[in-house]
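Worksheet for the structure shown next.
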Amino acid sequence: MKYQSLRGMKDILPEEAPLWQKIEAACSKKFQQFNYQEIRTPIMEMTELFARAVGQSTDIVSKEMYSFTDKGNRNVVLRPEGTAPIVRACLEHNLISKDKITKLYYFGPMFRYERPQAGRYRQFHQVGIEAFGSADPALDAETILLAVSIFKDLGLTDLEVDLNSVGCKECRPRFDSRLRAYLKGFIVQMCEDCHIRYKKNPLRILDCKKPTCQNITNEILQKIGDSDYLCADCKDHFEKLKSILDSLSVNYKINKRLVRGLDYYTKTTYEVISSSLGAQNAVCGGGRYDNLVEDFGGSSVPAVGFAIGMERLVEIMKLKDQNAKLKANVQLYIAPLGEEAKSKAVEYLQKAREAGISADMDYQDKKLKAQLKIANAIGAKYVLILGDDELKKNIVVLRDMQANSQEEITFEEVLARIR
RNA sequence: GCGGCCUUGGUGUAGUGGCAACACAGCAGAUUGUGGUUCUGUUAUUACGGGUUCGAUUCCCGUAGGCCGCCCCA
């Protein structure tokens, strides 16, 4: 084979596309119920946008961006995530302010130059939401509930919501230095990556999966207690969020090791994870980002949002529902026999379609037998057979494929019958 | 970016240092214009490039891609 798709990119084939459509439909229905509006931003942005929002030292920015210079010598990237472009668009078009709530959703491809693996692609798709204008934990809860209800609508039950708070710009630095102090004596025993994290982002050490590192952090997590490291405001926010979720009967698990890799998160962070996905188990990730709008030069507008990974969601759906494949359902298949019949068939086909009937015909001059075979394969309900005899009599043979019966009627009667 | 495993028709799988096998799908046919069953035929430069060899699909090296783990995340 001469050409193949680029590494980490994949084709969504007709067989799988209906599943994507089903998911997209379920999402947009929910978004509307929750009063979110769609926004579509370009897939390319200036490099700086992400360096600033996501964080210079994060993996996404430091090694995973598809960046290049365009013909005008601009530094551009294929977007690695959806939040930064939306904040940019909102500020550019004045969509947000601290006096009003703005709720948006998006759907589209994202790009990260990583080593591909199951559930991890270089081009992948996210559906996500962003809600601007309120620091109320009830809004955090709304976003979590929205994600959960989408999964529920899709019939997915074995998912787990992990919840944490990473604090704000007041308490996070304090916690970082407290963590460093705790870890100081143990750091020599820890892994290489944790040494880097110790300097760059000590919170991430909690997220390390190596047993030796976890043993050390286990003790620390116990010492730290429930949410002692948070300031009064963040602690109150976290407590309120938990009680709202409790009152809504949303199941969640506090996971103090949940630290997300994007620098803009403050207070609430959460993930929805599936046990059936292997290492790449997060189907949805989100949280609050109260400083991002201000960092981008806007006024101080708090915000919260999430993103769902489409490929991973599709994967779970496929595991759950092996026979989710949908056949094309054509109502009428026209089978002409001979040249004269073919031109009449083209005319009938167009009339049927204009009447709102999904219809198709043979374009390969196949024998009747072969045409019926195709009609059967595509799941046609009726086949209209048109040969010299029928042309003479100005009627058609309408065959009911399920009932295994057929009759001679006029084309007008066919339309009336099927419609 | 690091480590491990893998790559044979459209799909799923055999197999051997000497003609590449099977199933399913596809297409064609089984006397006139009738499908979903049956039968017959047909469908591959064994991922790509190089090396060893009289001869490589098989052994070796490289490349590409996939999968798994790390990292990270959706």
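Note on naming: letters A, B, ... go to the chains in the order of the sequence lines (proteins, then strands), and numbering restarts at 1 for each one. Side chains included, hydrogens not; waters and symmetry mates left out as well; all remaining heavy atoms used.
Judged by distance alone, the side chain of A/Arg120 and the main-chain N or O of A/Arg115 form a donor-acceptor pair under 3.5 Å.
Comparing A/Ala118 and A/Phe124 by the nucleotide of RNA chain B whose heavy atom lies nearest to each, the residue mapping closer to the 5' end is A/Ala118.
Within 4.0 Å of A/Lys366, counting heavy atoms only, lie sugar-phosphate atoms of the nucleic acid but no base atom. Note on A/Gly119: a base of the nucleic acid sits closer than 4.0 angstrom, heavy atoms only. The residue A/Ala375 sits apart from the nucleic acid: no heavy atom pair falls under 4.0 Å. Residue-level contact check: A/Gly286 touches neither bases nor backbone, having no heavy atom under 4.0 Å from any strand.
Here, B/G3 and B/U42 have their P atoms 48 Å apart, quoted to the whole Å. Taking atom P in both B/U46 and B/U58, one finds a spacing of 10 Å when rounded to whole Å. Comparing B/C70 with B/G10, their P atoms sit 35 Å apart, to the nearest whole Å. Comparing the C1' positions of B/G66 and B/U37 gives a spacing of 39 Å, expressed to the nearest Å. Comparing the same atom, C1', in B/A28 and in B/G65 gives a spacing of 35 Å after rounding to whole Å. For the P atoms, the distance linking B/U57 with B/G41 amounts to 28 Å, nearest Å. For the C1' atom pair drawn from B/G17 and B/C54, the interatomic distance equals 12 Å after rounding to whole Å. Rounded to whole Å, the separation between the P atoms of B/G55 and B/G18 comes to 14 Å.
The nearest whole Å value for the distance from the CZ atom in A/Arg204 to the P atom in B/C71 is 10 Å. One atom, CD of A/Gln4, and another, P of B/U7, lie 16 Å apart when rounded to the nearest Å. One atom, OH of A/Tyr113, and another, C1' of B/C72, lie 16 Å apart when rounded to the nearest Å. The CG-C1' distance, from A/Asn281 to B/C72, rounds to 12 Å in whole Å. Remark: P of B/C71 and CE of A/Met190 are 13 Å apart, rounded to the nearest angstrom. Distance, A/Lys63 NZ to B/C2 P: 11 Å, rounded to whole Å. We find that CE of A/Met65 is positioned 18 Å from P of B/C72, with the value rounded to whole Å. The distance between atom CD of A/Gln126 and atom C1' of B/C72, rounded to the nearest whole Å, is 14 Å.
Evaluated for a ring pair (Phe, Tyr, Trp, His ring centres under 6.0 Å) with A/Tyr105, the options A/Phe34, A/Phe31, A/Tyr36, A/Phe306 yield exactly one hit, A/Phe31. Considering A/Ile96, A/Thr102, A/Leu104 as possible partners of A/Ile86, the one that fulfils the side-chain contact (heavy atoms from CB on, under 4.5 Å) test is A/Leu104.
In this structure, the side chains of A/His237 and A/Arg288 come closer than 4.5 Å at one or more pairs of heavy atoms. Residues A/Leu91 and A/Val293 form a side-chain contact, since some pair of their non-hydrogen atoms from C-beta on lies under 4.5 Å apart. Looking at heavy atoms from C-beta onward, A/Leu337 lies out of side-chain contact with A/Glu390 at the 4.5 angstrom threshold.
Side-chain nitrogen and oxygen atoms of A/Gln117 include at least one within less than 4.0 Å of the OP1 or OP2 phosphate oxygen of B/G69. The side chain of A/Arg115 contributes no N or O atom lying less than 4.0 Å from OP1 or OP2 of B/G69. Applying the 4.0 Å criterion to OP1 and OP2 of B/G66, one finds that A/Arg7 has a side-chain N or O inside that range.
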**OP:** Indicate for each nucleotide in nucleotides 32-39 of chain B, in 5' to 3' sequence, whether protein heavy atoms under 4.0 Å reach the base (B), only the sugar-phosphate (S), or nothing (-).
**Re:** -BBBB---
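For A/Glu160, the CD atom sits in a packed shell: over 12 heavy atoms of surrounding residues, nucleotides or ligands are nearer than 6.0 Å.
Geometrically, A/Arg40 does not engage A/Tyr106 in a cation-pi contact defined by less than 6.0 Å to the ring centre and at most 45° from the axis.
Between A/Ile409 and A/Glu413 the shortest heavy-atom distance is CB-OE1, 3.2 Å.
Salt bridge annotation for A/Glu142-A/Lys103: present, with a cationic side-chain nitrogen under 4.0 angstrom from a carboxylate oxygen.
A centroid separation of less than 6.0 Å is found between the aromatic rings of A/Tyr229 and A/Phe175.
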**OP:** Can you run through RNA chain B from 5' to 3' and write each base as (, ), [, ], | or . depending on how it pairs? Watson-Crick or G-U wobble, both distances under 3.5 Å.
**Re:** (((((((..((((....[..)))).(((((.......)))))....(((((..]....))))))))))))....
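If you check distances only, the side chain of A/Arg120 does reach the base of B/C72 with a donor-acceptor pair under 3.5 Å. For B/C72, the base has a donor-acceptor partner in the side chain of A/Gln280 [N/O atoms by modelled type, under 3.5 angstrom].
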